[in-house]
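For this chain, numbers begin at 1 and follow the sequence in order.
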Amino acid sequence: MATLPNPLPKLAADPSGRTLGLELPAGRLIDATHDGPWHEPLLWCADEPAAPGAWAALAPARRTAGLLPVLLDVGGPHGAPEEWELMPAEASYPGDHDAEEVLAEFWEEYAADELSDGEGRPGEERAEEVFGAPASGDGTVAPFGPVWPGLAPAARLTTDAGSDAGSDSGSDSGETVDPDAHAAGTADSLTTDGSWLKEPRLALVPARRSADIPAALGWSGPLNHESDPARLCAVLRSWEDRYGIRVVALTFDRLVLSVAAPPTTPAEAEAVAAEHFAFCPDNITQGHHETLRAYAAHEVLNQRTWSFWWD
């Protein structure tokens, strides 16, 4: 796949972005990586804290310049993105990876090898601790055994191009909403007082689609789980297609997604939770819920925001 032209260098001579059809606030270009300056800017980052409405105001950047918005939290212990040890050289192209193959590989590693106790069925005792007791005598009933259960079914999505980018009308109901409108509403909620983001800044990243943002940055948050962020982005692409996710926020080690069409039944939620475990085992093994079923019920079922953290 040919690399997309990077429009960010134009902002060095035109910080306002007018040549790209934008009206940018004060900000800076960032090329800092773990190995020194990258050969071109990786992102533009605003200097001032993001406020509600800022995301929607920059929505035209996707159409006019091929730049996608994302919130970056610069208030954590690792500071601004210049200190995040970005590794773009480690990132391949997300489209070169198959989401199910990636998840199956992770599942087999973490749900079988790591959970094996060496007695009876591999990992049976530990698997039941983490995933809950299987519904029948078959220890491999998905998603509770060491065998990869396969991808969860897709949800019904709507993509109303005429919707209000700041609207999130359906977020408290079973109705689907426009993914981009919901992303804007989620971003607004993360920039209000009381948000868990300490100092959110709006950034623009050159990427083909929102799911590709971590790879475009060379984000190293999941480094202890996967060194090539493009493999995880392949999964994000699949969730983008099936559930209308958008990458809304990044910290040094946390990823936040808006979800336009989350699972609406316990069975669907458990199937998606299995994907979450493969994607980010720390969400389960180091999270607030002791079993996959509990995680599915509290963090996936009807939840329009998904958050992932890697140790």
**Q** Are any of the side-chain heavy atoms of I30 and L42 separated by less than 4.5 Å?
**A** no

**Q** Restricting to pairs with a member in residues 59-69, which pass salt bridge (Lys or Arg N to Asp or Glu O under 4.0 Å), not counting sequence neighbours?
**A**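 Pairs touching residues 59-69 that pass the test: R62-D180.
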
**Q** What heavy-atom pair brings S92 and A215 nearest, and what distance separates the two atoms?
**A**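 What the structure gives for the nearest pair is O-CB, 4.5 Å.
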
**Q** For S16, give me all partners under side-chain contact (heavy atoms from CB on, under 4.5 Å), at least two apart in sequence or on another chain.
**A** D14, R18

**Q** To the nearest 0.5 angstrom, please state how far the CG atom of L43 sits from the CG atom of L86.
**A**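 Output value for this atom pair is 7.5 Å.
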
**Q** Less than 4.5 Å apart, any side-chain heavy atom of S307 and any of L257?
**A** no

**Q** Starting from the C-alpha separation in whole Å, work towards a yes-or-no answer on side-chain contact (heavy atoms from CB on, under 4.5 Å) for R208 and Y93.
**A** CA-CA 11 Å; R208 294 178 183 275; Y93 176 59; 3.5 Å; yes

**Q** So, using side-chain contact (heavy atoms from CB on, under 4.5 Å) as the criterion, who are the partners of F252 when residues are at least two apart?
**A** H78, W84

**Q** So, the side chain of H298 versus the backbone of A294: is there a donor-acceptor pair under 3.5 Å, distance only?
**A** yes

**Q** Any side-chain heavy-atom pair from L236 and L255 closer than 4.5 angstrom?
**A**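 Touching, per the 4.5 Å side-chain cut-off.
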
**Q** Quick one: side chain to side chain donor-acceptor pair (under 3.5 Å) partners of E82, sequence neighbours excluded?
**A** R28

**Q** Between L217 and P88, is there a side-chain heavy-atom distance shorter than 4.5 Å?
**A**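 No, their side chains stay 4.5 Å or more apart.
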
**Q** Do D282 and H225 come close enough that some side-chain heavy atom pair is under 4.5 Å?
**A**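 No; the side chains remain at least 4.5 Å from each other.
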
**Q** List the residues meeting side chain to side chain donor-acceptor pair (under 3.5 Å) with D241, not counting sequence neighbours, and say none if there are none.
**A**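 Testing D241 for side chain to side chain donor-acceptor pair (under 3.5 Å), a comparison that skips the adjacent residues, returns R209.
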
**Q** Let me confirm one number: the OG-NE2 distance from S238 to H97, rounded to the nearest 0.5 Å.
**A** 14.5 Å

**Q** Are any side-chain N or O atoms of D73 and backbone N or O atoms of L197, one a donor and one an acceptor, separated by less than 3.5 Å?
**A** no

**Q** State, yes or no, whether a side-chain contact exists between D311 and Q286 at a heavy-atom distance under 4.5 Å.
**A**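 Yes; the side chains approach each other to less than 4.5 Å.
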
**Q** Report the residues that fulfil side-chain contact (heavy atoms from CB on, under 4.5 Å) with E85, sequence neighbours left out, ordered by chain and then residue number.
**A** H34, S220

**Q** Heavy atoms, side chains only, cut-off 4.5 Å: are L11 and L24 in contact?
**A** yes

**Q** Is it the case that over 12 heavy atoms from other parts of the model lie below 6.0 angstrom from the NE2 atom of H288?
**A**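 Count not over threshold, so no.
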
**Q** Are the side chains of V247 and P214 in contact, using a 4.5 Å heavy-atom criterion?
**A**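 Yes - at least one pair of side-chain heavy atoms lies under 4.5 Å apart.
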
**Q** Just one of V256, L72, V205 clears the side chain to side chain contact (heavy atoms under 4.5 Å, CB included) bar with L250, so which one?
**A** L72

**Q** Can you tell me how far CZ of R242 sits from CG of L151, rounded to the nearest 0.5 angstrom?
**A**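 So the gap between those two atoms works out to 4.5 Å.
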
**Q** Under the ring pair (Phe, Tyr, Trp, His ring centres under 6.0 Å) test, which residues partner F308, sequence neighbours left out?
**A**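 Once residues adjacent in sequence are excluded, the partners of F308 under the ring pair (Phe, Tyr, Trp, His ring centres under 6.0 Å) criterion are W239, H276, F279.
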
**Q** Show the nearest heavy-atom pair for residues E100 and G150, with the distance to one decimal.
**A**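 Minimum heavy-atom contact is OE2-CA, 3.4 Å.
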
**Q** Can you see which heavy atom on L202 is nearest to which on P69, and at what distance?
**A** CD1-CB, 4.3 Å

**Q** How close do G244 and P179 get, heavy atom to heavy atom, and via which atoms?
**A**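 Closest heavy-atom pair between G244 and P179: O-CB, 3.5 Å.
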
**Q** Between the main-chain N or O of L20 and the side-chain N or O of T64, is there a donor-acceptor pair closer than 3.5 Å?
**A**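 Checking the backbone N and O of L20 against the side chain of T64, a donor-acceptor pair under 3.5 Å is found.
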
**Q** Assigning hydrophobic clusters by single linkage (Ile, Leu, Val, Met, Phe, Trp, Tyr; side-chain heavy-atom cutoff under 4.5 Å), is L29 placed with V74?
**A** no

**Q** Within the side chain of E299, is there an N or O that forms a donor-acceptor pair under 3.5 Å with the backbone of Y295?
**A**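 No; zero donor-acceptor contacts below 3.5 Å.
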
**Q** Taking S195 for the side chain and T191 for the main chain, is one N or O donor matched with an acceptor at less than 3.5 Å?
**A** no

**Q** Is E226 reaching over with its side chain to a backbone N or O of D228, donor-acceptor style, under 3.5 angstrom?
**A**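 Yes: the side chain of E226 pairs with the backbone of D228.
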
**Q** Find the distance between CG (L67) and CG (L58) and round it off to the nearest 0.5 Å.
**A** 9.5 Å

**Q** State whether the side chain of T285 and the backbone N or O of P281 hold a donor-acceptor pair below 3.5 Å, judged by distance alone.
**A**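 Yes; at least one donor-acceptor contact below 3.5 Å.
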
**Q** Say you draw a straight line from CG of D188 to CH2 of W55; how long is it, rounded to the nearest 0.5 Å?
**A**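 One finds 10.0 Å between CG of D188 and CH2 of W55.
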
**Q** At their closest point, which heavy atom of P263 faces which heavy atom of V272, and how far apart are they?
**A**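 Minimum heavy-atom separation between P263 and V272: CG-CG2, 3.5 Å.
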
**Q** Please lay out, stage by stage, how T305 and V259 fare under the test side-chain contact (heavy atoms from CB on, under 4.5 Å).
**A** CA-CA 5 Å; T305 304; V259 189; 5.8 Å; no

**Q** Of all residues at least two apart in sequence or in a different chain, which pass the side chain to side chain donor-acceptor pair (under 3.5 Å) check with D212?
**A**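 Residues passing side chain to side chain donor-acceptor pair (under 3.5 Å) with D212: R237.
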
**Q** Measure up the F277 and W107 rings against each other and bin them: parallel (under 30°), tilted (30 to 60°), perpendicular (over 60°).
**A** perpendicular

**Q** Following the transitive rule for hydrophobic clusters with a side-chain heavy-atom cut-off under 4.5 Å over Ile, Leu, Val, Met, Phe, Trp and Tyr, establish whether L301 and Y243 coincide in one cluster.
**A** no

**Q** Can you run down the salt bridge (Lys or Arg N to Asp or Glu O under 4.0 Å) pairs that involve residues 192-207, sequence neighbours left out, and say none if there aren't any?
**A**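 Only E199-R201 qualify under salt bridge (Lys or Arg N to Asp or Glu O under 4.0 Å).
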
**Q** Kindly say whether A152 contributes a backbone atom to a donor-acceptor pair with the side chain of E275 at under 3.5 angstrom?
**A**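 Looks like yes, one N/O pair under 3.5 Å.
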
**Q** So, does R156 use its side chain to make a donor-acceptor pair with the main chain of A261 at under 3.5 Å?
**A**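 Judged by distance alone, no pair lies under 3.5 Å.
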
**Q** Under the side-chain contact (heavy atoms from CB on, under 4.5 Å) rule, collect the residues that match up with E105, sequence neighbours excluded.
**A** R231

**Q** Examine distances only and state if a side-chain atom of E240 and a backbone atom of A211 form a donor-acceptor pair shorter than 3.5 Å.
**A** yes

**Q** Which residues pass the side chain to side chain donor-acceptor pair (under 3.5 Å) test with W309, not counting sequence neighbours?
**A**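 Here the qualifying residues are D253.
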
**Q** In Å, rounded to the nearest 0.5 Å, how long is the span from OG1 of T186 to CD1 of I245?
**A** 11.0 Å

**Q** Does anything in residues 183-224 pair up under ring pair (Phe, Tyr, Trp, His ring centres under 6.0 Å), and if so which pairs, sequence neighbours excluded?
**A**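 For residues 183-224, and leaving out neighbouring residues, the ring pair (Phe, Tyr, Trp, His ring centres under 6.0 Å) pairs sorted by first residue read W219-W310.
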
**Q** Locate the shortest heavy-atom distance separating A65 from P7; write the atom from each residue and the value.
**A** O-CG, 3.1 Å

